[in-house]
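Below, chain A is the first sequence line, B the second, and so on; all start at residue 1.
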Amino acid sequence: MHSPFDPVPASSPLLANLNDEQLAAVTLPAEHALILAGAGSGKTRVLTTRIAWLLQNGHITPGGVLAVTFTNKAAKEMMTRLSAMLPVNVRGMWIGTFHGLCNRFLRAHYKLANLPQSFQILDTQDQLSAIKRLMKQNNVDDERFPAKQTMWFIASCKEDGLRPGAVQVRDDETRRKVEIYQLYEDQCQREGVVDFGELMLRSYELLRDNDPIREHYQRRFRHILIDEFQDTNKLQYAWIKMLAGSESAVLAVGDDDQSIYAFRGARVGNMADFVREFAVQHQIKLEQNYRSYSNILDSANELIGHNKKRLGKNLRTTQGPGEPVRVYEATSDFAEATWMVDEMRQLQRDQGIEAGYSRKEMAVLYRSNAQSRVIETALFNAKVPYRVYGGLRFFERAEIKHALAYLRLLENPNDDTSFLRVVNFPPRGIGARSLEQLQDIAKFSGCSLHDAVSAATGKAGANIGAFVAKLDVLREQTAQMTLRDIIEAVLEHSGLIEHYKADKEGADRVENLEELVNAAESFVTVEGFGRDAVALPVDELGAGLSQSPASQGLDTRMPPPQPSPGRGGSESEFTELLPPLPGEGGGGGMSATSSINSDQPPDATGETLSPLAAFLTHAALESGDNQAQVGQDAVQLMTVHSAKGLEFDCVFITGLEEGLFPNENALSDHEGIEEERRLMYVAITRARKRLYLSHSQTRMLHGQTRYNLKSRFFDELPEAALRWLTPKNQGFGSGFKSSWGATNSGAARAGSTWSGGTFGSKKAVEESVPEQKAPSGHGIRKGMKVFHTKFGEGTVQALEGVDAEARAQVNFPRHGVKWLALSVAKLVPV
DNA sequence: CCGCCAGCTGTTTTT
DNA sequence: CAGCTGGCGG
């Protein structure tokens, strides 16, 4: 790879060093295709080279490409690599996340989408508080309808493309939820805000319902490329279908074996649907792995081979076997962590054949975040620097959200979520009762809280009046300011800085608030106001090609990327926006010229967004780095989920125990266990050189010591690739082995559909051993999912008594909580 | 408005 | 165990 500044040789080495599979994928004809890209098979490289190849050979202009990813990181990576291959203005191209592109689309067509141009985006936190507020206002019983669940309901409706009216109502509970959904929609519309799901859904609907718009984009995007296709949900797939016209070629890249997001609506089935519905003629498997030694790869292959539902794929490598996969059994979670720290110390040392590994090349993976604690303790005690992934990102921190709320109110006074967030923060003597009063007034007159204040002067209290007045003054004062000055003014006049400075614990928060100013600064200069936030020219040739707009074939001698837009001020990017078309906004009549000159969609207005609104959008769409800071050499700690897409020399997969990994909540059905297995597959394939697998006999969880069996996944790995650092045994504390193994079988398991026959010996031993003594023979455990012929599936909440007296408390979703005598009720573990 | 305590709830996560 | 929420009292 050369740097962006190297001249591209005439015989561009774009295709050099690609293997046959990759080359085939890159040079596919302009038809629909599915690339099954295994872990470490050079997927991103294929994707970016494909785009570069299409551009270089004049198959497409930059504006004709649509490339979608899930994360900002992946999108950025794609743009960086692409601009390293070709001197193309990637900024003007439609490369981005689903949500980022939908945002861009909705800004460009805000009138048709029935949104204010400066609509703001609710993140999950905002969405939840909006729902809580709405439920309180409408006296919804929050016992029966927990806000979180309601949020989840709304989100999944949207993911399925369902508006309130379209949801199938089968019972009263759903009816009520749908009512709340409707109220929520009305509220968002009134306040001029959209949640993440809404970005997707509204874009989809606009494309679906507006023929000229849809036809325009279909004509425009000749090549649609989708990354991580296995993670797309129903709506995202439908959105792609809307954008793909008769002349478009859709290239879907994905790996069904790495589908680990079913719980948030991802449908692997989209891959098969895609092949069928698009009559895909080209399917290419990228099976050559460039990452791992074969012991690691063999382990991954053998493990994933235990899944039934697969498209089928086998990774291979030309590298040798490498080190064996090491397996360790610890007596306790703490011992496991201690062993790991020791092992890391060894790895850091030069070992002759292998040079010492740096800490940042070592990763500890676990199934759930709670597991990081012991490991952190061990690392801390050993004074080993480490970094935990996950947790709050920059723009999600409370103090930042507060500052953003003020900024949002400047942009849009109707944003009640933001209003309530800061109306009394810092405290200014506005109590709950006056706010309730205000909310009632607002509800009665159907206006925002902000507007309700002026309608009820005096009545709502002088303090609120003062707050709103202050806000209004601030809005006026900052109207002409630069983004930086606006933020500084807000920090100053809101009293936020002052408030945190007075707090002895507030130093970090003050620092973060100051960092917000920097973030805004670099947003303007580096990000050039943020691609996604601004209604960019929808002109397919983008700003970079203004000299020869007529040229259809790509000129590979395009001018280099524009001078950084922010530096020439907002000018360069903003003044180049196209003039509005006559008859814009109506949506009905598309002018003849615009349909011929496909550069411009029917209602393009060319209006721009204020820098502030753009920055706020940026904050919502890109909540900041969740990554370990670069530079510091620290051991990396993260969940398996967040490790997806990353790679390390040395990987430790910890807590490989039944109930944990695979997680007990996934054990009830086949789909669940297969997803856990894919998760394990993802974990294994993160390792380049060394892989360690560990489990522990005991583990503290929820304040109780649990006795877990080692994960079934150990039995699914090739023995030849493993080295057991501790004696390979049943993974049991010695006292339990016989009693449990012998008694646990037969009646309780009859009807269980488990294959493999080892199920009985695999289940976690009774958690509370001291109280219950040895587990009794019924095989029912706390936390277990059981099936009852009358009540269906439920979860065991508690157990009491022994033998004939034994009773279980089971929570059945449909029928509530029941105490059942085990001698009578037939409970079958599922 | 703040602080305290009781009670609850604990997979995985990006946008 | 531990972190968070909601309710209540000062």
Write down the protein N/O and nucleotide N/O pairs, taken from nucleotides 9-11 of chain B, whose separation is under 3.5 Å; answer none if there are no such pairs.
unit_1: dG10(B); atom_1: N3; unit_2: His702(A); atom_2: ND1; d: 3.4

I want to check one thing: is the phosphate of dT13(B), taken as OP1 and OP2, less than 4.0 Å away from some side-chain N or O of Thr639(A)? yes

Figure out the CD/P separation between Gln125(A) and dT13(B), and round it to whole Å. 16 Å

Spacing between Arg393(A) atom CZ and dT15(B) atom C1', to the nearest angstrom: 8 Å

Phosphate OP1/OP2 of dT15(B): any Arg264(A) side-chain N/O under 4.0 Å: no

What pairs of nitrogen or oxygen atoms, one from the protein and one from nucleotides 2-8 of chain C, lie under 3.5 Å apart?
unit_1: dG3(C); atom_1: OP1; unit_2: Arg373(A); atom_2: NH2; d: 3.3

With sequence neighbours excluded, tell me which residues meet salt bridge (Lys or Arg N to Asp or Glu O under 4.0 Å) with Lys470(A). none

For Asp256(A), give me all partners under side chain to side chain donor-acceptor pair (under 3.5 Å), at least two apart in sequence or on another chain. none

Checking only heavy atoms, does the side chain of Ser642(A) share a donor-acceptor pair with the base of dT12(B) at less than 3.5 Å? no

Among dT14(B), dC1(B), dT12(B), the nucleotide that comes nearest once only the side chain of Pro427(A) is considered: dC1(B)

Could you tell me whether Arg163(A) sits above the aromatic face of Tyr181(A), with NZ or CZ closer than 6.0 angstrom to the six-membered ring centre and within 45 degrees of the axis? no

When the aromatic ring centroids of Phe713(A) and His306(A) are compared, is their separation below 6.0 Å? no

Leu435(A) CG to dC1(B) C1': how many Å, rounded? 13 Å

Rounded to the Å, how far apart are Asn72(A) CG and dT15(B) P? 5 Å

Listed by chain and number, what are the side chain to side chain donor-acceptor pair (under 3.5 Å) partners of Glu436(A), not counting sequence neighbours? none

Do any side-chain nitrogens or oxygens of Asn424(A) fall under 4.0 Å of OP1 or OP2 in dC1(B)? yes

Over 12 foreign heavy atoms within 6.0 Å of NZ, Lys234(A): no

Sorted by chain and number, sequence neighbours left out, ring pair (Phe, Tyr, Trp, His ring centres under 6.0 Å) with Phe394(A) holds for none

